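Counting starts at 1 for both ligands and their atoms, following the listed order. Only a predicted model underlies this, so the values are computations on that prediction, with no experimental measurement involved.
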Amino acid sequence: MVTVSVKIDENLSNHYSPNVLTNVRHRLGRVAHTFRAALRLGRSRSDSRPPDWFVDKSQEKKGDSNEGIPPTCWGYRIVVDPSLPWHYKWLMVISLAVLYNVIFVVGRAVFWELNNSVPPLWYTLDYVCDVIYIFDILVRAHEGYLEQGLLVTDPQKLRRNYLSSKKWKLDVISLLPTDVVYCWWPPSDCQLQVPCSVIVRLNRVFKLPRLWDWFERTETDTNYPNVFRICKVLLAILVLIHWNACLYFAISYAIGFGTDNWVYNIDGPKNSTLTRQYIYSFYWSTLTLTTIGETPVPENDAEYLFVVADFLAGVLIFATIVGNIGSMISNMNLARVDFQNRMDGVKQYMAFRKVGRELEARVIRWFAYTWAESGALDEERVLSALPDKLKAEIAIRVHLDTLRKVRIFQDCEPGLLEALVLKLRLQVFSPGDYICRKGDVGKEMYIVKRGRLQVVADDGKTVLATLGAGSVFGEVSVLDIAGNRTGNRRTANVRSLGYSDLFCLAKDDLWVALADYPEARATLTERGCQILRKDGLLDEEIFRRSTVSQDTMEESISSLERAVETLQTRLARLIAEFSASQAKLKQRLTKIELRPKDEDEDQPSSRCSRRRLRSFETRKKSCPPTMPRHKTM
Ligand SMILES: Nc1nc2c(ncn2[C@@H]2O[C@@H]3COP(=O)(O)O[C@H]3[C@H]2O)c(=O)[nH]1
């Protein structure tokens, strides 16, 4: 067997600072780990990569709040990242253990036949669950949490966080070895027809919060949250009914089976079987808790009290549960109900205003198409909770296919795409709808997502162009191209052939986005000019003059920028020179001041220096410290 050990000579600590030594220790630890891993790899060709719940110190990013914390386990810190998939799987395992205890501890304690049926299986399951509980304490003690947005991986902090929480207390209570009671009340008693000592394990139920953790996580992760919520409520109902059934059977035992009509009667070949005992108790419990059927009338005080308590609990619990399920089901259909209400409103309005059968049919067809294609999803409202960056990412992901087909966006900077994609509004047009008519004032530009459209001349028949997915139109009138004889008016009619989905971009939004991307603007303008030239709508002279004046303006701006830069450099140099000479002068004056008094009292030069000092002080007061007053800019 090969042993690898890493040791730092004690003497080194006298020569080097603790920081250096800690660093050396970390690095040696990593070397040792690599060496061990290599050895393991040599022996079994298995993957020596540490599992993902180890945080490799060397892999951590700079700026991590855990920097400088010594590794604990062979150069790695064991930390459980709650966002990892395996953590979710672990939650599932522990939830199953909790559910087992919630259902079977009470069940087996009351229905002794159940406990007696396969004792080895039950005891194996009991102690497997206990092992899972113990392991869960370890997992929780290493569960990372966020501090200032960073995952804390410092083992001490993690432990402190766990030990100071309520979870820790509940975990300990749920693992108290209550089974020691078996010494005085052995499980073998269960052979008799009396409730079992398994009930002492009821403290295992204190682990229930772990089940909520799993519920919460699943609810966040699943794509069907409403279905999951309904399943959760159903499970809660079943567990409640089960517990109540067990209680009923236990009370029947306490009063005496068959002593009156209310309690369970265990006599007879059918009633004595476990299946009948449980099913009848469950049935009784369901009737009582839901208060939906005739239940046997209680015959003594204890029975009355129990039934009253059951009724009250049933009303409270089931009112809450039924209310929740009702709201969940209505939430599931909310979009459809909302859409139908809107459609009904429009239909009523059209009938009231007598808009005509043909138009009514068209509007209804439009509604049907919108529902079929997008489920009438109000994307803006749905995404309104997200920050702009995330919204843009989602929008780009969703609309990328369309935007890729748009030629002018193919080579454009990602920033422009992001800016534009957030401003796009989806509009649906029916067959024969005019998107714009010649002569209208252009207020928006369109990108075709799906469908086919025709650009038609005044007569409505001559087709100038056919547009498909990825085409852009409506830009000519919104770009304010100099020399455009139609001004800001539409130059042609555009009509939808079938149903078409268009992204609409308002003129202001387009201008704001293009202000930062002159190249994209030039491409769009160039395209618009080509169309105007083809239709003879471009005044070349005005266009040329505007281009020249634009060029001249751009040149003037560039030369102005250059002049400002030169001035800035000169100013900086002058300020530096002034500061240097001021410092020199100060030094000289200090030297003069420090000369012995009697030595220079009679010297004419010192009198002159004092005069100069006084005049300098006066000038300093009247002049700002960084700007020489005699320099004019
Ligand atoms: N006038 C004209 N417009 C066209 C042609 N092909 C596509 N279009 C688009 O049709 C749009 C009609 O509105 P705009 O004038 O704003 O912008 C126009 C162009 O984007 C064409 O051949 N002639």
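- Ion pairing between a basic and an acidic side chain is recognised when a charged N comes within 4.0 Å of a carboxylate O; Asp433 and Arg495 show no such pairing.
- The cationic group of Arg217 does not satisfy the cation-pi geometry with Trp212, failing either the under 6.0 Å distance to the six-membered ring centre or the 45° limit from the ring axis.
- Between Phe473 and Tyr446, the ring-plane angle classifies as parallel under the 30° and 60° cut-offs.
- A ring-centre distance under 6.0 Å is found for Phe367 and Phe339.
- With salt bridges taken as basic N to acidic carboxylate O contacts below 4.0 Å, one links Glu219 and Arg229.
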Taking a 3.5 Å cut-off between nitrogen or oxygen atoms, can you list every pair linking ligand 1 to the protein, with distances?
from     : atom 1 : to     : atom 2 : distance (Å)
ligand 1 : 1 (N)  : Thr491 : OG1    : 3.0
ligand 1 : 1 (N)  : Asp535 : OD2    : 2.6
ligand 1 : 15 (O) : Thr491 : N      : 2.8
ligand 1 : 15 (O) : Thr491 : OG1    : 2.6
ligand 1 : 16 (O) : Gly474 : O      : 3.2
ligand 1 : 16 (O) : Ser477 : N      : 3.1
ligand 1 : 16 (O) : Ser477 : OG     : 2.5
ligand 1 : 16 (O) : Arg490 : NH1    : 2.9
ligand 1 : 17 (O) : Gly474 : N      : 3.4
ligand 1 : 20 (O) : Gly474 : N      : 2.9
ligand 1 : 20 (O) : Glu475 : OE1    : 2.5
ligand 1 : 22 (O) : Lys534 : NZ     : 2.8
ligand 1 : 23 (N) : Asp535 : OD2    : 2.8

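- Each of Asp221, Thr218, Asp213 was scored for a side chain to side chain donor-acceptor pair (under 3.5 Å) with Tyr88, with one residue passing: Thr218.
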